[in-house]
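Note that ligands are numbered from 1 as they come in the structure, with each ligand's atoms numbered from 1 the same way. When a residue number appears, it is its place in the shown sequence, counting from 1.
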Amino acid sequence: MYEKIKETARFLKDIGVDKPDLGIVLGTGLGGVVNMITIEKSIPYHDIPNFPVSTVTGHSGTLIYGTLSGKKVLAMQGRFHYYEGWEMQEVTFPIRVMHLLSVKKLMVSNACGGVNPEFKVGDVMIINDHINMMPEHPLRGENEERFGPRFVDMHEPYNKKMISLMKSVAFDLKIDVKEGIYLALQGPTFETPAEYRMVKLMGADAVGMSTVPEVIVAKHMGMDCFGLSVITDLGIEGKVEEASHEAVQLVAKSSEIKISKLVETFISKL
Ligand code: HPA
């Protein structure tokens with residue numbers, strides 16, 4: 001695996017990807033951020049050696065290298081979800097590659113269901129911690145010491161300085177942001193009312209189907225992580241409504257401008 005990751009990193013280096021300041025996983029909600037990047041290289045996943053490529057969906061995603069708010073960024077437009085059938089090593093492969101390209105900071109985003117009664121649809125939540133309830137752990141198996149230690153410290157999964165920075169950016173821009181704990185389930189079903197209740201009882205504020213594997217692997221390699229969620233539906237007792245992918249996309253889209261503004265200023269101050 002290490003050799004494959006190295007080969008992919010070398011390929012990207014050779015075509016000009018040079019020590020990005022920040023890695024970005026553009027989930028639902030951060031899609032609009034792409035429009036703010038001055039693109040230097042845009043590489044379809046299927047043109048990148050060893051990158052997981054979906055033969056099912058047709059459109060596999062694009063890796064974007066460019067400048068955003070004065071910083072060199074490497075952004076994944078499209079991520080690999082566990083529920084799609086990818087192995088955890090495939091879900092997190094791009095994060096490993098980013099590390100070999102000297103990326104030290106990672107920003108991730110997602111759409112998720114809110115279970116905190118103070119949340120409303122369209123809210124942006126800074127992820128300040130997570131609960132890993134995925135059925136498989138991305139670090140299970142023999143440890144690759146060249147990436148990091150067997151037992152990974154997780155006392156600060158999301159970088160406190162970056163969280164404070166985003167809070168002050170949001171304050172200055174007068175954009176309301178929430179903060180909370182993200183719990184990851186495998187999906188692809190949205191939660192039943194009883195499952196939403198379980199998520200809340202477990203101490204989370206929001207629930208989704210991604211992000212946690214990527215963050216764990218990034219922490220394994222010593223990266224600083226920052227995460228944003230868009231609350232696209234609510235799993236609040238008595239208020240659980242029908243959820244659909246289309247509705248999730250629509251809410252995420254309507255929060256894009258707000259998020260783009262936050263992210264643009266945030267990155268300029270990183
Ligand atoms: N649950 C899980 N994933 C999601 C949700 C949800 O309610 N909304 C958007 N992604």
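Using a 4.0 Å heavy-atom cutoff, Gly235 is absent from the residues neighbouring ligand 1. Contact between Gly208 and ligand 1 is present, with at least one heavy atom of the residue lying under 4.0 Å from the ligand.
In terms of polar-atom proximity, Val248 is not counted as a contact of ligand 1, lacking any N or O under 3.5 Å from an N or O of the ligand.
Closest protein heavy atom to atom 10 (N) of ligand 1: Ala111 O, 3.3 Å. Nearest protein heavy-atom neighbour of atom 9 (C) of ligand 1: Thr232 OG1, 3.3 Å. Protein heavy atom nearest atom 5 (C) of ligand 1, with residue, atom name and distance: Gly113 N, 3.4 Å. Here the protein heavy atom with the shortest distance to atom 8 (N) of ligand 1 is Asp233 OD2, 2.7 Å. The nearest heavy-atom contact from the protein to atom 1 (N) of ligand 1 is Glu191 OE1, 2.6 Å.
Note on Asp123 versus Lys178: salt bridge recorded, some NZ/NE/NH1/NH2 to OD/OE distance being below 4.0 Å. The pair Asp224-Lys104 does not meet the salt-bridge criterion, since no charged nitrogen lies less than 4.0 angstrom from a carboxylate oxygen. Under 4.0 Å is where a charged nitrogen must lie from a carboxylate oxygen, and between Arg79 and Glu214 at least one such pair does.
Not a single donor-acceptor pair under 3.5 Å links the side chain of Asp21 to the backbone N or O of Lys71.
Two rings, from Phe93 and Phe80, have their centers 6.0 Å or more apart.
Contacts of Tyr196 with ligand 1, taken as heavy-atom pairs under 4.0 Å, involve the side chain alone.
Looking only at side-chain heavy atoms (C-beta outward), Leu22 and Leu74 stay at 4.5 Å or farther from each other.
Side-chain atoms of His220 and Arg150 form no donor-acceptor pair, as typed in the model, at a separation below 3.5 Å.
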